[in-house]
Amino acid sequence: MKCPSCDSENIKVIDSRPVPENNSIRRRRECLDCKFRFTTYEVIDAFHPVVLKKNGTKEYFDKNKLMSGLFQACQKRPVDPEKIANEIEYEILNGLHREITSSEIGEMAMEKLLRLDDVAYVRFASVHREFRDVETFMREIERVKRRKSIGTPRSADTTASKTKKKG
């Protein structure tokens, strides 16, 4: 920080106060060389990850859109969709990736739902993966049932089903 009057870097902070209206901190400073006093504002630099959608467009991450899909999938189920959305938002913001695909966000949601409630998982997966027919639903339900009976994580179950198809 340099003094706006004499360009000196010999400055001290006299007073600091939060400014709630614009989420910033107001600081009164004084140059120790020329005694000039001035005010600075420190503003939190908000991080807004961009979502790359399946159709190629980009938009800022919107937790409300994620919650809308989760609320539909979790309707009348013992699952808190807001908690899941908060966890995913936290992971995205702390991942510090400037861009994330909508598919990655959907997979994060499905992973959490799979651990919590099979019905909510299948509901969400049917929209996210764009199930086209009853057979697709049935395959996914069978995969969930196998995973539950064997006690394997979903990714290992998918690998096992691919191995069976080859043989």
Yes or no on side-chain hydrogen bond (donor to acceptor under 3.5 Å, both in side chains) for Asn10 and Ser8, after CA distance, side-chain angles and deciding distance? CA-CA 5 Å; Asn10 195 11; Ser8 170; 5.2 Å; no

Can you confirm whether more than 12 heavy atoms, excluding those of Glu91, are under 6.0 Å from its CD atom? yes

Do [X] and [Y] come close enough that some side-chain heavy atom pair is under 4.5 Å?
X: Arg147; Y: Leu114; result: yes
X: Val79; Y: Leu70; result: no
X: Phe61; Y: Ile100; result: no
X: Glu107; Y: Met110; result: yes
X: Ser5; Y: Cys31; result: no
X: Glu87; Y: Met108; result: no

Just to verify, what does Phe131 make a ring pair (Phe, Tyr, Trp, His ring centres under 6.0 Å) with, not counting sequence neighbours?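 So Phe131 forms a ring pair (Phe, Tyr, Trp, His ring centres under 6.0 Å) with Phe137.
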
Just how far is it from atom [atom1] of [X] to atom [atom2] of [Y], taken to the nearest 0.5 Å?
X: Arg98; Y: His48; atom1: CZ; atom2: NE2; result: 10.0 Å
X: Ser103; Y: His128; atom1: OG; atom2: NE2; result: 5.0 Å
X: Arg115; Y: Tyr121; atom1: CZ; atom2: OH; result: 12.0 Å
X: Ile84; Y: Cys74; atom1: CD1; atom2: SG; result: 5.0 Å
X: Asp7; Y: Glu9; atom1: CG; atom2: CD; result: 9.0 Å

Between Arg139 and Glu135, is the salt bridge (charged side-chain N to carboxylate O under 4.0 Å, His left out) condition met? List the steps. CA-CA 6 Å; Arg139 279 194 303 272; Glu135 287 79 25; over 6 Å; no

Tabulate below the donor-acceptor pairs under 3.5 Å that side-chain atoms of residues 62-69 make, not counting sequence neighbours, or state none.
residue: Asp62; atom: OD1; partner: Asn64; partner atom: N; Å: 3.0
residue: Lys63; atom: NZ; partner: Asn86; partner atom: OD1; Å: 2.5
residue: Lys63; atom: NZ; partner: Glu89; partner atom: OE1; Å: 3.4
residue: Lys65; atom: NZ; partner: Glu59; partner atom: OE2; Å: 2.7

If hydrophobic residues (ILVMFWY) are linked whenever their side-chain heavy atoms come closer than 4.5 Å, directly or via other members, who joins [X] in its cluster?
X: Val119; value: none
X: Tyr60; value: Val50
X: Phe36; value: Met1, Ile11, Phe38

If you compare all heavy atoms of Ile25 against all heavy atoms of Ser16, which two are closest, and at what distance to 0.1 Å?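 So the minimum-distance heavy-atom pair works out to CG2-CB, 4.5 Å.
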
Of all heavy-atom pairs between Lys54 and Ser102, which one has the smallest distance, and what is that distance? N-OG, 3.7 Å

Candidate list Lys145, Arg123, Arg129, test salt bridge (Lys or Arg N to Asp or Glu O under 4.0 Å), partner Glu140, passing option: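 When salt bridge (Lys or Arg N to Asp or Glu O under 4.0 Å) is applied between Glu140 and each of Lys145, Arg123, Arg129, only Arg129 qualifies.
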
Is there a continuous path of hydrophobic side-chain contacts, each under 4.5 Å between heavy atoms, that joins Leu52 to Ile88?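 The answer is no; the residues belong to distinct hydrophobic clusters.
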
Taking Arg146 first and then Glu142, would you say they form a salt bridge - that is, a charged N and a carboxylate O separated by under 4.0 Å?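 The answer is no: the pair does not qualify as a salt bridge.
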
Considering only residues two or more places apart or on different chains, which pairs with a residue in residues 69-80 satisfy salt bridge (charged side-chain N to carboxylate O under 4.0 Å, His left out)?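 Matches after skipping sequence neighbours: Arg77-Asp117.
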
Checking side-chain contact (heavy atoms from CB on, under 4.5 Å) against Arg28, which of Arg37, Lys12, Arg17 comes through? Arg37

